[in-house]
Protein chains: 2
Amino acid sequence: MEKRIYNFSAGPAILPEEVLLEAQKEFFSYKGSGMCIMEMSHRGKIFDQVIKEADADLRKLLNIGDNYSILFLQGGATLQFSMVPLNLMPPKNKADYIITGAWAKKAAKEAKRVGAVNVAASTESENFVRIPKQSELKLDPDASYIHFTSNNTIYGTEWRNEPEVGNVPLVCDASSDFLHKMIDINKYGLIYAGAQKNIGPSGVVVVVVRKDLLERSSDSLHTYMNYKIHVENDSMYNTPSTFGIYISGLVFKWLLNMGGLDVMYKRNVEKANILYNAIDASGGFYKGTTVPEDRSLMNVTYVLPNEDLTKKFIEEAKKKGFDGLKGHRSVGGIRASIYNAFPKKGVEDLVTFMEDFKKNN
Amino acid sequence: MEKRIYNFSAGPAILPEEVLLEAQKEFFSYKGSGMCIMEMSHRGKIFDQVIKEADADLRKLLNIGDNYSILFLQGGATLQFSMVPLNLMPPKNKADYIITGAWAKKAAKEAKRVGAVNVAASTESENFVRIPKQSELKLDPDASYIHFTSNNTIYGTEWRNEPEVGNVPLVCDASSDFLHKMIDINKYGLIYAGAQKNIGPSGVVVVVVRKDLLERSSDSLHTYMNYKIHVENDSMYNTPSTFGIYISGLVFKWLLNMGGLDVMYKRNVEKANILYNAIDASGGFYKGTTVPEDRSLMNVTYVLPNEDLTKKFIEEAKKKGFDGLKGHRSVGGIRASIYNAFPKKGVEDLVTFMEDFKKNN
């Protein structure tokens, strides 16, 4: 088998080796069909089964009931930043946004094109090092929905629990921690996630939407922007990203085979603890960039004593096969993204490297 | 090597075997990087080279100058049906649409959400069996642009030459015949094509836009809908469909290696003639559904004497390894889609099958 590296990229990100090997094996001729899955009509029997299984497996993983629809769309979270307000803001045309990072800001920016955005809380003045507390949220009980970002890829913070929002529909951008643990889907009106972190390849965005909210989608919306149209056509109003959905489906099966999301969550806590403990035990050589109680299990962010050491760390790590550790340009430092598919061994090896690096510098 | 079938699917459609084999080979670890191309950051060096080469190779294929930008976006032609009018209709807010089939109608439908649509010509009353003649076009010299659909997948018609439109920007949906022959790109203001027929996998749409038209894109547009934003960010404002762009790039290289678009066009004419000649020589057993002068080189549509024979034909063909021959549900009959990647041998074998079937029925 070809050599693989430890890929700490924030996204597109590492995929399970089992998934890649299976997809490679059946790439040229899918299950003896004589065609690559990419070459098949999306309305044919084979792909129909692929997308139906992906839907069914995701329902199993998150215990999603019939009162929710699952969509596999294109345009990433960025297009969802627009589709969410276009569909859900009417008729009141106002919504609450909780601002915990750059992506939340981008979501709010698009919402402002549709209606009134109330910033229910923001930790921007603290450089987004923490998640706001429930008591800080200034929620409008009359808002069309409340939007939050469950994990902040750039800043390395994550909500431990959903904000409490009463009867107002909760909308979540879960792009960077979807499926990292079990959640109670019934708390959500709509949850969306770009695939390229914890689901599959870029070019697919998963949307889970409570069916009663579809009544808000106006017929005057541009067709691709209309959730109701996509739901009525089972994500196939137009040709979806068939190969991306196929790979996402394989990841869902991989998660089920691993034992589901509770098992995955234990693994994720274990992996993150190994890394955070090493940071905290380094006597200040490595420093976490966020408040400890809001640390992300997916994106571990930390800094070294200075820029030169940071640069040296990244270079030496790369030579040893640890790729993608450079922090986002707006924050600097180190970011180790350790999504579901990232192996525990890779985290342990990184910690060994960090200890060696500290000794030698 | 695994057995392959003859895939006549209208889209997603057949891809070159050479491309599939190369992608399969480097699937698990792209060129020794230790990562699948799907797992890589879109901002990393490797993918940066992939997308830059795709851009450069497409420029080579179509001789596209610096006064045009190339975009690799998501959402298919369907999202372009909206993006074209949203960006290009202002400030006059009126455009001409030439209606030659179901896709042209869908494009016009979205445009009506933005401004006034003048139907410059339509062959709907003749069930779209032909392309309108230049003399029939009722063009508004003051229109923001004129939109046409170069090939009509469902009805099997194709424009031999672009409509003449003077100084009004010409906009073309070339989803089903992009790159099937050399065109003079300078005749176009904007040309777009969903990838899943002649370019690559579904989930990518290629847009070639003349740069001066970007001035029309208003800052008030939703960000994903704004061509100017995508151009300013080299198709990477948000994460693009990286794997789809990679495969599209391999197809561009395959086309260059084959000798470019003039060679491909000769091949396409040859393949289509084999099939149309067989239809015309069948003594009326097989009948083409369009006027001969507007026959598509990509989608060959024809009918059999009755429904029972049609059904039998499709079933027997499938058993012999000819897949995807069923005509679109709105037209019926047979549709053989023979895009660039479809081999001549497959057309010859289909003709042999057609002759045998006629003899036996």
Side-chain angles (χ1 to χ4, degrees), chain A residues 1-5 7 9-15 17 20-21 23-24 27-29 32-36 38-42 44 73-79 81-82 86 106 109-110 113 194 196 200-204 220 222-225 237-244 247 321 323-324, chain B residues 1-5 7 9-15 17 20-21 23-24 27-29 32-36 38-42 44 74-79 81-82 86 106 109-110 113 194 196 200-204 220-225 237-244 247 321 323-324:
Chain A
M1 205 165 86
E2 288 158 294
K3 200 174 176 303
R4 298 258 302 163
I5 59 156
N7 177 8
S9 172
I14 190 167
L15 288 164
E17 284 194 6
L20 293 176
L21 289 171
Q24 183 178 38
F27 192 81
F28 193 66
S29 174
S33 65
M35 293 181 265
C36 176
M38 280 192 293
E39 301 177 293
M40 291 178 189
S41 169
H42 56 301
L73 302 179
Q74 300 179 54
T78 296
L79 194 55
F81 295 164
S82 295
L86 282 167
K106 287 191 180 194
K109 187 181 167 191
E110 302 304 325
R113 302 184 192 281
Q196 67 270 18
S202 60
V204 174
S220 69
H222 282 273
T223 304
Y224 197 88
M225 309 301 270
Y237 172 77
N238 68 333
T239 317
S241 178
T242 54
F243 192 76
I247 296 286
D323 199 47
Chain B
M1 206 164 86
E2 288 158 293
K3 201 175 176 300
R4 298 258 302 163
I5 58 156
N7 176 7
S9 172
I14 190 167
L15 288 164
E17 283 195 7
L20 292 176
L21 289 170
Q24 182 178 39
F27 191 81
F28 193 66
S29 174
S33 65
M35 294 181 264
C36 175
M38 281 194 292
E39 301 177 293
M40 291 180 190
S41 169
H42 56 301
Q74 299 179 55
T78 297
L79 194 54
F81 295 164
S82 294
L86 283 167
K106 288 191 178 191
K109 186 181 168 191
E110 302 305 324
R113 302 184 192 282
Q196 68 269 18
S202 61
V204 173
S220 69
L221 288 172
H222 282 272
T223 303
Y224 196 87
M225 309 300 270
Y237 172 77
N238 68 333
T239 317
S241 178
T242 53
F243 192 76
I247 296 285
D323 199 46

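Keep in mind the model is a prediction, meaning the values are calculated, not measured. Here is the naming used below: chain letters follow the sequence lines, and residue numbers restart at 1 for every chain.
Note on B:Gly321, B:Ser29, B:Gly194: by heavy-atom pairs under 4.5 Å with chain A, the leading option is B:Ser29. Interface remark: of the candidates B:Gly34, B:Gly11, B:Gly203, B:Pro240, B:Gly34 forms the most heavy-atom pairs closer than 4.5 Å to chain A. Note: B:Ser220 leads B:Ser220, B:Gly76, B:Gly244 in heavy-atom pairs under 4.5 Å with chain A. Considering only heavy-atom pairs separated by less than 4.5 Å from chain B, the leading option among A:Ser41, A:Ala77, A:Gly44 is A:Ser41.
For B:Gln196, the part lying near chain A is the side chain, with the backbone staying farther off; criterion is any non-hydrogen pair under 4.5 Å. Both the backbone and the side chain of B:Ser241 come within contact range of chain A, each with at least one heavy atom under 4.5 Å from a heavy atom of that chain. Residue A:Ser9 touches chain B through its side chain alone, counting heavy-atom pairs closer than 4.5 Å. Residue contact with chain B, scored on non-hydrogen atoms closer than 4.5 Å, involves the side chain of A:Leu86 exclusively. Looking at B:Ile247, the atoms closer than 4.5 Å to chain A (heavy atoms on both sides) all sit in the side chain, from C-beta outward. Both the backbone and the side chain of A:Met35 come within less than 4.5 Å of a heavy atom of chain B.
Contact detail for B:Ser202 and A:Thr239: the closest heavy-atom pair is CB-CG2, 3.6 Å. Heavy-atom minimum distance, B:Arg4 versus A:Phe28: NH1-O, 3.2 Å. Between B:Gly75 and A:Asn238, the closest heavy-atom pair is O-ND2, 3.2 Å.
The number of heavy-atom neighbours closer than 6.0 Å to NZ of B:Lys106, taken from other residues, nucleotides and ligands shown, is above 12.
One distance of note links CE of A:Met225 with OG of B:Ser82; it measures 8.0 Å at 0.5 Å rounding.
A search for ring pair (Phe, Tyr, Trp, His ring centres under 6.0 Å) contacts involving B:Tyr224 returns B:His230, not counting sequence neighbours.
Side-chain atoms of A:Asn7 never come within 3.5 Å of backbone atoms of B:Met40 as a donor-acceptor pair (strictly under, hydrogens ignored). With hydrogens and angles disregarded, no donor-acceptor distance shorter than 3.5 Å links the side chain of A:Glu110 to the backbone of B:His222.
Ring geometry for B:Phe27 against A:Phe27 counts as tilted: the plane angle lies between 30° and 60°, on a 0 to 90° scale.
For the pair B:Phe81 and A:Thr223, the minimum side-chain heavy-atom distance is 4.5 Å or more.
For the side chain to side chain contact (heavy atoms under 4.5 Å, CB included) criterion with A:Glu39, the lone passing option out of B:Asp323, B:Ile5, B:Leu15 is B:Leu15.
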